[in-house]
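As the structure is a computational prediction, the values presented were derived from the model and not from experiment. Every chain is numbered from 1, with letters handed out A, B, ... down the list of sequences.
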2 protein chains.
Amino acid sequence: MPAKRSPARRPTMKDIARRAGVSESAVSFALNDRPGVSEVTRARVRRVAEQLGWRPSTAARALSGEGAATVGLVLARPADTLGVDSFFLQLVSGIQEVLAERHLGLLFQVVEDVPDECAVYRRWWAEHRVDGVLVVDPRTDDPRPDLLDELGLPAVVIGGAPDERHPGLSTVWADDAGAMASVVDRLYGLGHRRIVHIAGLAGLAHTERRIRTLRAEAERRGLTGVESVTTDYSDAEGAAVTRRVLRSATPPTALIYDNDVMALAGVAAATELGFSVPADVSVVSWEDSALCRMVKPWLSALSRDSMEFGRTAARELTALLDGGPARTVRVPVPRLVERESTGPARDV
Amino acid sequence: MPAKRSPARRPTMKDIARRAGVSESAVSFALNDRPGVSEVTRARVRRVAEQLGWRPSTAARALSGEGAATVGLVLARPADTLGVDSFFLQLVSGIQEVLAERHLGLLFQVVEDVPDECAVYRRWWAEHRVDGVLVVDPRTDDPRPDLLDELGLPAVVIGGAPDERHPGLSTVWADDAGAMASVVDRLYGLGHRRIVHIAGLAGLAHTERRIRTLRAEAERRGLTGVESVTTDYSDAEGAAVTRRVLRSATPPTALIYDNDVMALAGVAAATELGFSVPADVSVVSWEDSALCRMVKPWLSALSRDSMEFGRTAARELTALLDGGPARTVRVPVPRLVERESTGPARDV
DNA sequence: GGTGATCGCTAAAGCGCTTGAGTGGAAGCA
DNA sequence: TGCTTCCACTCAAGCGCTTTAGCGATCACC
């Protein structure tokens, strides 16, 4: 009868040393591909380690200055806003893919707001918990880069604009400005002159970038019926804003939503008001997901590879951990895939 | 000018000891509320620690046998299946809430399949990385409970059925059987006799429970046009199955979808085929989210408090970590909230 | 006034690993 | 042969914390 409940002691380097007939240091050298042991000894040690099913104790490693083999990711989002979000899970999945290769753990935390997030960074740092962090949802006037700089915690900002003030941080970003310009371009080409952008959270760096670009593009073309309205990303606000602008005297002929959930809610709201999509009003979603093909008309959307985004970010972080220089890398511009929710403006 | 780039050394207990004029051991006793120091010393030590901004090094703690102050959660799901999932993020958010109170970290990993997941548990265990784990998506013939038993890793299974074969594991579960029975009951009351259940992944414990219950309920009532079809949870399969069953000679009058995404896709598919919801066919979604109120008709759905589910699970795990006994606790039965997608069967 | 307890604290070992400073022996060189 | 050099390896310290044993002082007790 197998002693199932025995909590099976973990083998340590000492065990390996004994079995292999060498000192602990030799084992350490052998297992870490460091010079100082002969090839035959190295092989023997490796074999024994394998047999015993040995794995280094991260705690011990961390303690002797090797780092925690863990990176952190905190998501600052009020609990009730935590809804349908395909982007985030995909991002994380991409991150994992490259972290897993290196046996790096991902410490994950969700908090209410940015100050809480900063507190978490401080704690993680003080507790030796992480070797670096991935920062999401960068903001204008963001306190986090300063903090991370101060703590000397390697970090890569996901979705931020290039930031020369923090040469220690890497940045991975998508060219929202370019994407917005291309969307406006296309809508303009279709004859649209009054465009409303139902944006996401004010203060988020990419929100502001999109808004600025839209304004610039409008001015360049002398368009006056163009505006951005910020929201909390919820379907409720998406629908509310849609209703409001569609009820105005000169309703827009095109709507750009900063995520798929709002776009969907917006289409529903528009339909309810008697607007037909895309005949009366065109709709584009700034997030492409299964949702966009789940209702009729299928939503035209800006599409990007979120997993690859995550992979890129994680790669930059590991590079940083390896002592590489901070870099700012741009992922491909989101591409507008046109489905059924966009068409020529009616009043052309 | 502040020396910003100085990577600010973390204070250790030794620093505190020196400043407070006591030994390190005294500091340890004082800070851990252990007897062995006078109250005045304890207070002084506490004050110094606070001043210095000291935080215990988890690495050191873990090394001296105190555990890693971390729990693990691995999500085994093929990358491309990782879509719109409101449940999971909410669950995690609830988990975090109680873990954060205790300053427990959450180590998160997504892998491809269950064998990979087992490998992760082994690794975490060997590396001393986690004190316990939360297991999601339990399956029939699940190898994980055995493994965790063997490793002696405290664990709570989320969404499993009570399991007497593993007295070491806690279980937190919702009564799917009861919920399914109530749904069938309601649909039956509305006159529905032919019901198709578009289920989730075969092999998932709760999928099987729902299927079994549906069959039992059907038999009890002598219904013959009742079946379950398993899918991969994707909108694509949801739509495909919907089309298939609706095209049969005797199409069902009610459809139960195991998640919101499939329900939505199903409604779209039905509509395309000329079926009107709920006049021709009723639809209920086994997941309630913003999606359910985003399309017309609004989806009737089984609603539950996913965050609370997470909180409960995390609480059980912390209890286990504190040396408490394994328990199996049931969260409230999901409640059917009827919106617009359910109605009387046509052919009654 | 001696014997124990109890209290408040210190000393030191140990957790599993890394690493710089040795050490003994073989090889290289004159 | 005597010298240095190099190699393969061992020793021991140290990372930051917990914990056991122990130690001197105070206190209670008969």
Quick check: on DNA chain D, is the nucleotide nearest B:S25 upstream (toward 5') of the one nearest B:A59, or the reverse? Name the residue that is more 5'. B:A59

If I take atom CE in residue A:M13 and atom C1' in nucleotide C:dT18, what distance separates them, rounded to the nearest angstrom? 8 Å

Quick one: are B:V156 and B:T171 in side-chain contact, heavy atoms under 4.5 Å? no

Candidate nucleotides D:dT19, D:dT10, D:dG16, ranked by approach to the side chain of B:E66 - the nearest: D:dT19

Rounded distance in Å - CZ (B:R18) to C1' (C:dT10): 16 Å

Here the distance between atom P of C:dT18 and atom CD1 of A:I16, to the nearest Å, is 10 Å

May I ask you to say what A:P35 touches in the nucleic acid, namely base, sugar-phosphate or nothing, with a heavy-atom cut-off under 4.0 Å? nothing

Reckon A:G36 touches a base, only the sugar-phosphate, or nothing at all at heavy-atom distances under 4.0 Å? base

Using OP1 and OP2 only, check whether a side-chain N or O of B:T41 sits under 4.0 Å from C:dC9. yes

Nearest to the side chain of B:S38, heavy atoms from C-beta on, is which of C:dC17, D:dC17, C:dC9? C:dC9

Base, sugar-phosphate or nothing for A:S28? Non-hydrogen atoms, less than 4.0 Å. base

Is A:R77 paired with A:D113 through a side-chain N to carboxylate O contact shorter than 4.0 Å? no

Return yes if a side-chain donor-acceptor contact under 3.5 Å exists between A:S25 and A:S28, otherwise no. no

Quick check on C:dC9: is either OP1 or OP2 less than 4.0 Å from any side-chain nitrogen or oxygen of B:S23? no

Find the distance A:R61:CZ to D:dG16:P and express it as a whole number of Å. 18 Å

Between D:dC17 atom P and A:E127 atom CD, what is the distance in whole Å? 11 Å

Would you mind telling me which of B:D142, B:D146, B:D149 makes a side-chain hydrogen bond (donor to acceptor under 3.5 Å, both in side chains) with B:H166? B:D146

Taking OP1 and OP2 of D:dT19, is either one under 4.0 Å from a side-chain nitrogen or oxygen of B:R34? yes

What I want to check is whether the side chains of B:T70 and A:R129 have a donor and an acceptor closer together than 3.5 Å. yes

Need one value for B:R55: base, sugar-phosphate or nothing, where a base atom within 4.0 Å counts as base even if backbone is also close, heavy atoms only. sugar-phosphate

In whole angstroms, how far is the P atom of D:dA21 from the CD atom of B:E24? 20 Å

Spacing of B:K14 atom NZ relative to D:dC15 atom C1', expressed in whole Å: 9 Å

May I ask you to verify if any side-chain N or O of A:R10 is less than 4.0 angstrom from the OP1 or OP2 atom of C:dG16? no

Assuming nearest nucleotide by heavy-atom distance, tell me which of A:G21 and A:L63 is located more 5' along DNA chain D. A:G21

Tell me: NE2 of B:H128 to P of D:dC15, nearest whole Å? 21 Å

